[in-house]
Structures are given as C-alpha cells and as structure tokens.
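Chain naming here is simple, since letters A, B, ... match the order of the sequence lines and numbering starts at 1 in each. Please read these numbers as outputs of a predicted model, since none were measured by experiment. No hydrogens, no waters, no symmetry mates; every other heavy atom, side chains included, goes into these values.
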Protein chains: 2
Amino acid sequence: MTIGDVASHAGVSVATVSKVINGRYGVAAATAAKVQAVIDELGYESSLVARSLRSHKTNVIGILVADLEPFSTELLKGASRAIHGSGYELVVYSAGGLAVDSVGWEKRYLSRLGGTLIDGAVLVTPTVVEADAAIPLVAVDPHRGRSGLPMVDSDNRRGARLATEHLLGLGHRRIGFLAGRPDLESAEQRALGYRQALEAHGIPLDPDLVQIGAYEQELSADAARALLTLPDRPTAVFAANDRSAIETLEMARVLGIAVPSELSVVGFDNIPESVMAEPPLTTVNQPIQDMGRMAVELLLELLGGASPAQTHLTLPTDLVLRSSTAPPRLPRARRGTSGRRTTSA
Amino acid sequence: MTIGDVASHAGVSVATVSKVINGRYGVAAATAAKVQAVIDELGYESSLVARSLRSHKTNVIGILVADLEPFSTELLKGASRAIHGSGYELVVYSAGGLAVDSVGWEKRYLSRLGGTLIDGAVLVTPTVVEADAAIPLVAVDPHRGRSGLPMVDSDNRRGARLATEHLLGLGHRRIGFLAGRPDLESAEQRALGYRQALEAHGIPLDPDLVQIGAYEQELSADAARALLTLPDRPTAVFAANDRSAIETLEMARVLGIAVPSELSVVGFDNIPESVMAEPPLTTVNQPIQDMGRMAVELLLELLGGASPAQTHLTLPTDLVLRSSTAPPRLPRARRGTSGRRTTSA
DNA sequence: CTGAAAGCGCTAACAG
DNA sequence: CTGTTAGCGCTTTCAG
C-alpha cells in the first residue's frame, strides 16, 4: 500500500496525491475530494520513513533511553502527558542494553535517527553531551560537565542532604554511602550532599563507608556487601538510587541483618518499586513524571522556534518517610565519633 | 554526515562503504580497514530510515501503544528484558492520545511503520485485529473476537472470579461492578467472572450495580458516582482495572464514604500505583511484565522463522490482598438478597 | 490545475 | 575487488 496505489486508484499522479495529503494549494476541489475518498477507502497512511527521508519534518519527537527501567518508564508517563494535544507523536528508542555499557549510546542513536524520523529529542541520562546536533535536544539528568544543552534535572544535592540529615537526626553516626554512576552529574551531587551533611554535623568522612554501585545490579550488590560486612559496619546506608537501595535491602536479608532495627536504608528517586520493597523504602522523591513532562514541554517550545526564558529547569526534591529507617539500636553514636566534634551549622 | 561523506573521506565509492558496514564479501582487507578507520573517526552511523526504506530489514522491533500509562509502561519493562541480548533494538510508538479515541489506531501505526522501520511489532490492547500484515505481529490483551493473531493475555475470568469471591467471602452481597472497555476481550471476561461468581452464590445480578467506566478517567468517575449514590448503595465495588478502582477510591473520599469500613474496593491489574493508593488497593495481579517479555519472545521466534508450538499464551492471575477490603459493616447481606437463593456450585 | 522528474541516504544487482 | 546504476516511497520544483 503506497502512494502509488492511491494514485492509480484515483486516476491521478502521485504528485497530486501528495499535495492532497499535505494540504498543499493547487489542487481542484473535485480532484482533492476524489483522492481523499480513495485514501479513506483504502485506509492509506503515508510511510513515516519515506516521508521523513524526503522532507525532514515528521511531527514526531524521540525519547532516547539506554534502557526501559523504572526511572525511564516513569519519565515516559510524564512525557506522554505533555504530548497530548501537541500534535506530535512519540517514539521511544532503546537499544535495550545492546550498547548500554558503551559510553555515548545517545550519540549513536542520534545519528541513526536525527535528521530523519524525529524532529527533536529528549535524552535520558546521556553519558556524553553534545551540544551540536542537527535537531533540538533536551537532556534529562545528564552527564557531568557543563554543556550548552537545555536540560531538566532535580535538586540532587538538597535531596541527598535531606536523606543524610534524616539519618543523622535519628541518631546514626556511621552512615554508609552507596554511590551511583560516577559520570552522572546527579550522582556526584548526591555524593556531595551526603558529604556536606556529614560535615555540617562534624562527622569525618570515613572512606570505607563509601562504595560505588554505579546504579548497576551486580556492582550495587557487591558494594552493599562490602558495606555490610565491614568490621564496624554502618548502622545506616544511604544509596544513591532506589534500585541500589533495594539491592541493599536484599543483601541485608541475605546477611541476616534486620531492617530497620539493625540497619536503616534510604534510597533516592521514589520509583514505584520503592513502595513495594520489603520494608517499604524511605527515599528521596524526585518528581520523575514532571521531569519528563517539562522536558517535552521545553522541547516543544524549542521546536516551535521559541527561545525559552529558562533553559535549565531544576525541580525540587523531598524526603518520603516510610519504614526502612529507625534510630540505631545501640548507642553507637558515642563509639563512632572518635574524631573532633565541631559545632558547625 | 552521510555515507557519501565517509566515501569521499576514504576515497572510495558509497557502495564500498555500504559493503564494509554490512560486512559483505568482496572488499579487500586493506580497503575495509581504511573505510572502517574513517567510520570510527567520523563516528558515522547509518541512517535507520534510509536503510530501512531500501532494505526492509532493520533489526528493530516496534511496540505500538495507544498511550504510555501504567499498564503499557509495566509491559515495556518486561519487553526490554526480552530484548536484551537478542540483537534487536526497540522502538515504542505512541500517538500520545492523538488518535487514541479513534478505533483502529494500531492499523494506522502499522501502515506508517510496517514494511519499513520495524521488522515486527507487539500491539498493546489493539482495538481492531488484523491478521494480514506485512510483518509478524503479536497482540497483547486484544480486542474481542477471534483473530489468527498470535497473542498473550492473562486469565481474566479467573481473576475476576477470585476478586468477586473474595468480596463474597467477606460477607458482601451487594457488589457493584465498574466495567471496562466493551471492545476488549479481557474486559468482557472480567465481567463474565463477576457474573459467574455471583451466580455461583445464588445472587441475582442487579443491573443497577453494573456501570461502565471504559477504563477512562471521566467515565470511571461518573460510573463510580452512579454506583455510590444509589439509594441502596453497594457495600463493595469490583472495578475492572486499577485505574478505575483508584478513581472509585477518590470518589468515595469525595462522598465521605470510608474505605474499607463502609465500602470495599477491589481492582484489577496490580499496577504499581495500586500499592500507593490510599488505602493500598486489594487487586487482581496480572503479570504485566511477564506478558511484555513473553510477547517479545514470541515475536522474536516468529521473526526467526520458527513456528512456535504455542501461539496463544494465557498467564495466570491471582489475588493480592491489601487494605481496601473488609467485611461489610452492617449485616446488609440479609437485606440485599431478596431474590431466589439457589445452591449452584 | 496537474504530472514528470529529481533526489533524500541507503543497498543490491551488475559491470568493469 | 570496485564502482556505476537503479530504485525503496515520498515531496517538491518546474513544465505543460
């Protein structure tokens, strides 16, 4: 079923059919009606691929993700909302882990799709930011290092401080940190928030208490184990995202450590899975759906030729209290704070 | 950045570059190495669009959804898992509500993408099933009426019986049903399960207690209100999906009806949002992620030229008890059962 | 107002 | 082994 079929059925040329489809001027009303009738009868829809190859304007925006996991799928819900009524359609592209490990997957995706198929794209946690692309781009929670790219993220540092201060407020003094992907700006900010909170409470940073999980299942499990098998193990762990926090919960169960009585765990993201965790996870809420919605809205503005006032949107984070945190069982506080005890704010 | 650029940089023809890219025979090792070097240096990736227009084989499979909501995004998580290591990439296509209302959106999508861009597709809750497509297709939870299409669904009737029997077991006798999209086979099965459970308990069907929400927010709210403002209102409501169950919870709050003490509510699907509902929703679990995974696995088999033994997969459903159900407060049971009291199984 | 023809980036014969 | 050529389905000048 091609435009040629429609043309021959209607007894006109493909050029005429094309004009009718695209509402171009220069077609007699009678001809247009006849062609339209054939289109309707045949149920013809023009090939997105062929059209985009030729015209470089598709009314489709792309969302490029490394994988479809809880974070990106939450984001899609918000993106979908923003698309409603915009006249655009949505294509989500994922190598499904095919090239996830390789840094720069988003660059590969872009050269495969950009210039054709999509008019603009939202890049979700890209590893390499390139400001020079043929099409408008918006990054969500991008790689470290400034780039000219419009972006939306959330207040990661504040969220991390909130999480750490919550644990401190409960009386914890030995607080482990399960760090995220070192290349992500957001992960770095979360580490910073953790350190700042400790410092503000005059607690020296113990390098043993920081392990890198890189947001990867295997590595997170290893990191959690390292933390929980320490001679003087932490009474609480702040994990840089919910998935690694859930991994920590799992590891605690394996090691026979009760949560929250013997170990408190805080996550980051507030993905739906955090509520279903056992016990339900105390975590830092990041408005993921809103981030998706605003990224698409920003992209739509860009596509519309506008010059948005705000080109870097940072959404607020807040703490969600559930059941994975409690005061430390023993007054270890005394024991852990062997160092100086300043009174900084 | 096109294949032509690579060709001129390498001092060869585009045909040679194409051969190198696709690993075709008939290229001198030295030439191939030189071309590859240029490709790497330039970071060239062939245009998916151009390639697919020409070769009709893209190594990409499509997942076609009407909208990105909790059900479809859960499904995507499973689909993504199945894609890992398959060598295929994934494109999710959604009009984002652009043409959702129009029956047959999946047909439109297919003619836009099929034959080009994707080698096969998973159709999520399609409204019109067409067995004759140019590419392999798998339907998830499709439209009513048999079609030759390979499909995966879940045991909807059993799930609905389980839900209704749970309410009956608690002592409820006036049980409302908030029905789903009439065109979906699954919705019909859920209605059937509801009716069968009532019948098995000798409770006559009260037409007032059945309202259609069609899985739509507005309609579900209206249907819930109709149910809850009945003179002799039901003591329990079984909603055909979680979203309408959550809508019912919301309507109960608006009307000042306490859940579960004054009203029990059961949903269907077990989407993540059901855990977060207030109160957490008792619901029928449908293994949505597995459905996505198996749909993709089935499609992959089809794409590989296999003739799968099973071409219609039905996954089990089960009841998840949470906090939105309880025995009815008053012994209304006596009052509601004015009709005959048979003892059918 | 309509159609013939060129060409988007690529692949697949087919010659050389 | 390499390059020339045709053409995928569509849009877009440009003649008629």
Side-chain angles (χ1 to χ4, degrees), chain A residues 1-36 38-39 42-60 108 110-119 134-135, chain B residues 1-36 38-39 42-60 108 110-119 134-135:
Chain A
M1 168 66 52
T2 72
I3 195 172
D5 298 332
V6 176
S8 56
H9 274 255
V12 296
S13 71
V14 294
T16 302
V17 176
S18 175
K19 283 172 195 153
V20 172
I21 292 171
N22 297 291
R24 295 273 175 282
Y25 292 110
V27 176
T31 312
K34 183 177 57 182
V35 170
Q36 190 58 54
V38 173
I39 289 176
L42 265 46
Y44 167 77
E45 286 282 344
S46 70
S47 158
L48 181 58
V49 165
R51 169 194 295 238
S52 94
L53 185 58
R54 187 62 233 247
S55 76
H56 291 201
K57 167 67 179 169
T58 58
N59 259 37
V60 174
R108 199 179 87 79
L110 272 178
S111 51
R112 272 174 82 76
L113 305 183
T116 45
L117 197 57
I118 54 178
D119 294 343
I135 55 174
Chain B
M1 169 65 51
T2 72
I3 195 172
D5 298 332
V6 176
S8 56
H9 274 255
V12 296
S13 73
V14 293
T16 302
V17 176
S18 175
K19 284 172 195 153
V20 172
I21 292 171
N22 297 290
R24 295 274 175 281
Y25 293 110
V27 177
T31 313
K34 183 177 57 182
V35 170
Q36 190 57 55
V38 173
I39 289 176
L42 265 45
Y44 167 78
E45 286 282 345
S46 70
S47 159
L48 181 59
V49 165
R51 169 194 296 239
S52 94
L53 185 58
R54 187 61 234 247
S55 77
H56 289 200
K57 166 66 177 168
T58 58
N59 260 34
V60 174
R108 199 179 86 81
L110 271 179
S111 52
R112 272 175 80 78
L113 305 184
T116 45
L117 196 58
I118 54 177
D119 293 342
I135 55 174

For B/Arg54, salt bridge (charged side-chain N to carboxylate O under 4.0 Å, His left out) partners two or more places apart: none
Divergence of helical axes at both termini of the helix from C/dC1-D/dG16 to C/dG16-D/dC1 - five pairs an end, 10° steps: 50°
Sugar-phosphate, base or nothing in reach of B/Thr31, heavy atoms under 4.0 Å: sugar-phosphate
Expected output: side-chain A/Ser55 to main-chain A/Ser52 donor-acceptor under 3.5 Å: no
A/Ser18 to A/Ile3 - nearest heavy-atom pair and separation: N-CD1, 3.8 Å
Segment of DNA chain D, first to last nucleotide, that comes within the 4.0 Å heavy-atom reach of chain A: D/dG9 to D/dT12
Per-nucleotide protein contact string for nucleotides 8-16 of chain C, where B marks a base within reach and S marks sugar-phosphate only (heavy atoms under 4.0 Å, - for neither): BBBBB----
Contact list for residues 24-35 of chain A, test side-chain hydrogen bond (donor to acceptor under 3.5 Å, both in side chains), sequence neighbours left out: none
Residues that B/Thr16 engages under side chain to side chain donor-acceptor pair (under 3.5 Å), provided they are two or more places apart: B/Ser13
Close side-chain approach of A/Thr2 to A/Ser47, heavy-atom, < 4.5 Å: no
A/Val38: side chain to side chain contact (heavy atoms under 4.5 Å, CB included) partners, not counting sequence neighbours: A/Val6, A/His9, A/Ala10, A/Leu42
Residue list, side chain to side chain donor-acceptor pair (under 3.5 Å) with B/Asn59, at least two apart or on another chain: B/Lys57
For B/Ser46, all residues meeting side chain to side chain donor-acceptor pair (under 3.5 Å), sequence neighbours excluded: B/Arg51
Results of side chain to side chain contact (heavy atoms under 4.5 Å, CB included) for B/Val60 - residues two or more places apart only: A/Tyr93, B/Leu48, B/Thr58, B/Glu89, B/Val91, B/Ile118
